[in-house]
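So the structure is just underneath, and the comments pick up after that.
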Amino acid sequence: MPQHTRPARGMRDFLPADVRRRQYVIDVVRGVYERYGFEPLETPALENIETLTGKYGEEGNKLIFKVLRRGEHETSGETDLALRYDLTVPLARVVAENRGQLPKFFKRYQIQPVWRADRPARGRFREFFQCDVDAIGSASAVVEVEMIAAVSEVLQTLGFTDFVVQLNHRQLLSAMLDGARVAAERQNDAMVAIDKLDKIGRDGVKQELIARGIDGAAADQCLRAFEDVQEYNALAGRSERGAEASRNVAEILTLVEATPASGHVKFTPRLARGLSYYTGAIMEISVEGIGSLGGGGRYDGLIGMFSGEQIPACGFSLGLERILVIMSEREMFPPHVASSSPDVLVTVFDAASAADSLRLAAELRSLALRVEVYPEADKLGKQFKYGSARNVAFVAILGSDERARGAVTIKNMKTGEQVTVPRAEVAARLRRDQRPTTSELH
RNA sequence: GUGGGUGUAGCUCAGUGGUAGAGCGCCUGACUGUGGCUCAGGAAGUCGCGGGUUCGAUCCCCGUCACCCACCCCA
């Protein structure tokens with residue numbers, strides 16, 4: 001017996017019930033994004049390694065899955081390819097490559113797996129799906145607003161009511177940190193620490209700021225700013241950059257009220273987000289008591305890293321795995337997603353009757369019923385037991401008695417009732433009997 | 001990467017320094033053309049792996065691997 005039958009660490013097999021739940025969520029996401037005018041894009045799992053390195057910050061760089069060079073170079077330990085770490089950087093590469101053929105405002109969605117060499121934890125894996133939407137080519141606040149509206153509508157369609165879209169702005173944060181005299185090269189570290197304010201508290205953040213090399217007085221001033229909006233605005237407003245960011249945030253907050261996201265968006269001064277490529281508005285979507293379901297923001301500099309031409313861009317990424325964890329916990333899946341067994345099991349009495357069973361199955365399938373034929377001429381008891389385990393609604397019996405009479409016996413597995421009807425009436429009978437069970441699903 | 005916990009039957013887990021048990025599931029039969037219920041019987045484990053202590057280890061010790069939880073970071 002083989003010892004290792006588990007998938008590799010952090011990777012998962014999806015059994016049929018898992019796939020159905022995942023597919024349900026993906027269908028909703030795709031449907032909403034399509035209605036917002038986003039178009040599908042797919043990119044390769046592997047990228048040239050230089051495409052990925054240097055785009056995610058120090059922490060991100062470490063977590064990239066690298067692929068050894070092949071052939072004679074294999075022993076050198078050199079690496080030339082890597083599994084994609086997110087969907088945004090590949091998008092930026094595609095845009096830089098195909099700029100001429102893409103519309104002026106390119107809106108795309110992408111639902112594919114990404115890989116991170118992270119330590120797995122609850123709702124966190126080394127291979128996981130992201131559902132990204134991005135809009136390329138406009139710096140308007142309308143872009144952020146549509147983004148927020150689309151992800152809000154996804155969550156609403158899935159049945160979430162208690163989500164919050166937190167909104168902040170990198171330039172605003174940066175201007176505030178300037179005002180508090182935090183050195184520019186320390187600001188990224190500072191943001192990471194500040195992001196934990198409600199998690200580790202004021203003292204925890206101060207300790208972390210100091211540990212990250214930020215002056216104690218500057219740390220105190222930052223913390224005061226997050227407790228007092230006046231102080232925050234005063235610090236940030238000292239620069240034109242901060243004032244402009246502030247106007248941008250205000251515009252987004254106003255416009256968003258005209259969308260399905262109305263009432264769900266909250267300006268959150270301490271929101272920072274980890275990825276280094278964000279340049280403007282940053283967003284994170286979370287559900288009470290659970291944490292982040294996804295996030296995004298504006299990254300006006302990323303495409304330029306590939307093409308040299310600065311093209312404004314903004315995107316949002318929903319984490320499929322997180323959504324699934326919460327939906328499972330809260331039992332938010334419609335019943336038909338969970339139970340999806342065949343409608344009918346057709347029994348096989350003996351070798352000679354198999355053809356009849358297959359003919360009946362074909363006929364029922366043409367009526368869009370889901371039909372399974374028992375593959376062996378087992379004892380009837382076994383066939384029933386199997387049907388029961390498969391949770392089928394009906395078992396159709398074609399035994400010697402029935403065949404002699406040109407009839408079929410249909411048993412309703414739920415009620416235990418069974419009737420024998422002429423062969424020609426089976427389809428009509430099942431279709432009629434099917435109605436109550438089908439309607440129970442809704 | 002750091003700290004803690006757990007590895008015993010297909011699954012969930014008991015257990016003891018003298019080479020192992022329950023519940024569920026599975027198989028067979030009571031019921032020779034009928035699942036779910038009941039009853040009777042049955043199969044199944046190198047007790048994660050390697051070493052040490054011991055007359056003897058599933059149990060004690062060391063190491064190792066895997067999984068879980070928290071931290072870190074994130075989706």
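Chain letters run A, B, ... following the sequence lines, proteins first and then strands; every chain starts at 1.
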Contacts of A:Phe38 meeting ring pair (Phe, Tyr, Trp, His ring centres under 6.0 Å) (sequence neighbours excluded), chain-then-number -> none
From OH of A:Tyr56 across to C1' of B:A75 the rounded distance in Å is 13 Å
Could you pull out every donor-acceptor pair under 3.5 Å between side chains of residues 218-226 of chain A and any protein atom, sequence neighbours left out?
unit_1, atom_1, unit_2, atom_2, d
A:Asp220, OD1, A:Lys206, NZ, 3.2
A:Asp220, OD2, A:Lys206, NZ, 3.3

In whole Å, what separates the C1' atom of B:A44 from that of B:A22? 15 Å
Atom P, compared across B:U16 and B:C31: separation rounded to whole Å: 44 Å
Grab the N/O contacts between the protein and nucleotides 31-35 of chain B below 3.5 Å, and write none if there aren't any.
unit_1, atom_1, unit_2, atom_2, d
B:G33, O6, A:Asp401, N, 2.6
B:G33, O6, A:Asp401, OD1, 2.8
B:G33, O6, A:Asp401, OD2, 2.5
B:G33, O6, A:Glu402, OE1, 3.3
B:G33, N1, A:Glu402, OE1, 2.5
B:G33, N1, A:Glu402, OE2, 3.1
B:G33, N2, A:Glu402, OE1, 3.4
B:G33, N2, A:Glu402, OE2, 2.7
B:U34, O2, A:Lys411, NZ, 3.0
B:U34, O2, A:Gln418, OE1, 3.3
B:U34, N3, A:Gln418, OE1, 2.9
B:U34, N3, A:Gln418, NE2, 3.2
B:U34, O4, A:Gln418, NE2, 2.8
B:G35, O2', A:Ser388, OG, 3.4
B:G35, N7, A:Lys411, NZ, 3.1
B:G35, O6, A:Lys411, NZ, 3.2
B:G35, N1, A:Met413, O, 2.7
B:G35, N2, A:Met413, O, 2.7
B:G35, N3, A:Ser388, OG, 3.3

Between B:C65 and A:Arg9, counting only base atoms on the nucleotide and side-chain atoms on the residue, is there a donor-acceptor pair under 3.5 Å?
no
Across all chains, not counting sequence neighbours, the side-chain contact (heavy atoms from CB on, under 4.5 Å) partners of A:Lys382 are A:Tyr374, A:Asp378, A:Lys379
Across all chains, not counting sequence neighbours, the side-chain contact (heavy atoms from CB on, under 4.5 Å) partners of A:Arg12 are A:Phe14, A:Arg22, A:Phe125, A:Phe128, A:Glu321
Quiz item: Between A:Asp178 and A:Gln187, is any side-chain donor less than 3.5 angstrom from a side-chain acceptor?
Solution: yes
Stems in RNA chain B, runs of 3 or more consecutive Watson-Crick or G-U wobble pairs with both distances under 3.5 Å, sorted by first number, are B:1-7 with B:65-71, B:10-13 with B:21-24, B:26-30 with B:38-42, B:48-52 with B:60-64
To the nearest angstrom, the CD-P distance between A:Gln110 and B:A75 comes to 16 Å
**Request:** Determine the Euclidean distance between corresponding C1' atoms of B:C67 and B:G48; express it in Å to zero decimal places.
**Result:** 11 Å
| Taking atom C1' in both B:U19 and B:C74, what distance in whole Å separates the two? | 49 Å
Across all chains, not counting sequence neighbours, the side-chain hydrogen bond (donor to acceptor under 3.5 Å, both in side chains) partners of A:Lys55 are none
Residues at least two apart in sequence or cross-chain that pass side-chain hydrogen bond (donor to acceptor under 3.5 Å, both in side chains) with A:Arg9, listed by chain then number, are none
Taken in chain and number order and not counting sequence neighbours, the residues that satisfy side-chain hydrogen bond (donor to acceptor under 3.5 Å, both in side chains) with A:Arg170 are none
Show which side-chain atoms of residues 418-425 of chain A pair as donor or acceptor with protein atoms under 3.5 Å away, not counting sequence neighbours.
unit_1, atom_1, unit_2, atom_2, d
A:Thr420, OG1, A:Thr409, OG1, 2.8
A:Arg423, NH1, A:Glu363, OE1, 3.2
A:Arg423, NH2, A:Glu363, OE1, 3.4

By side-chain hydrogen bond (donor to acceptor under 3.5 Å, both in side chains), A:Thr51 pairs with (sequence neighbours left out) none
| message | Rounding to an integer number of angstrom, what distance separates B:C68 and B:C62 when you compare their C1' atoms? | response | 23 Å
Between CD1 of A:Ile111 and P of B:A75 the distance, given in whole Å, is 17 Å
* Checking all strands, does A:Gly294 fall into the base, sugar-phosphate, or nothing category for heavy-atom contacts under 4.0 angstrom? -> sugar-phosphate
Quiz item: Which value, in whole Å, describes the distance between the P atoms of nucleotides B:A14 and B:G23?
Solution: 16 Å
Q: Using a 4.0 Å heavy-atom cut-off across all strands, classify A:Arg116 as base, sugar-phosphate, or nothing.
A: base
All N/O pairs under 3.5 Å across the protein-nucleotides 68-72 of chain B interface:
unit_1, atom_1, unit_2, atom_2, d
B:C72, O3', A:Lys196, NZ, 3.4
B:C72, N4, A:Arg124, NH1, 3.1

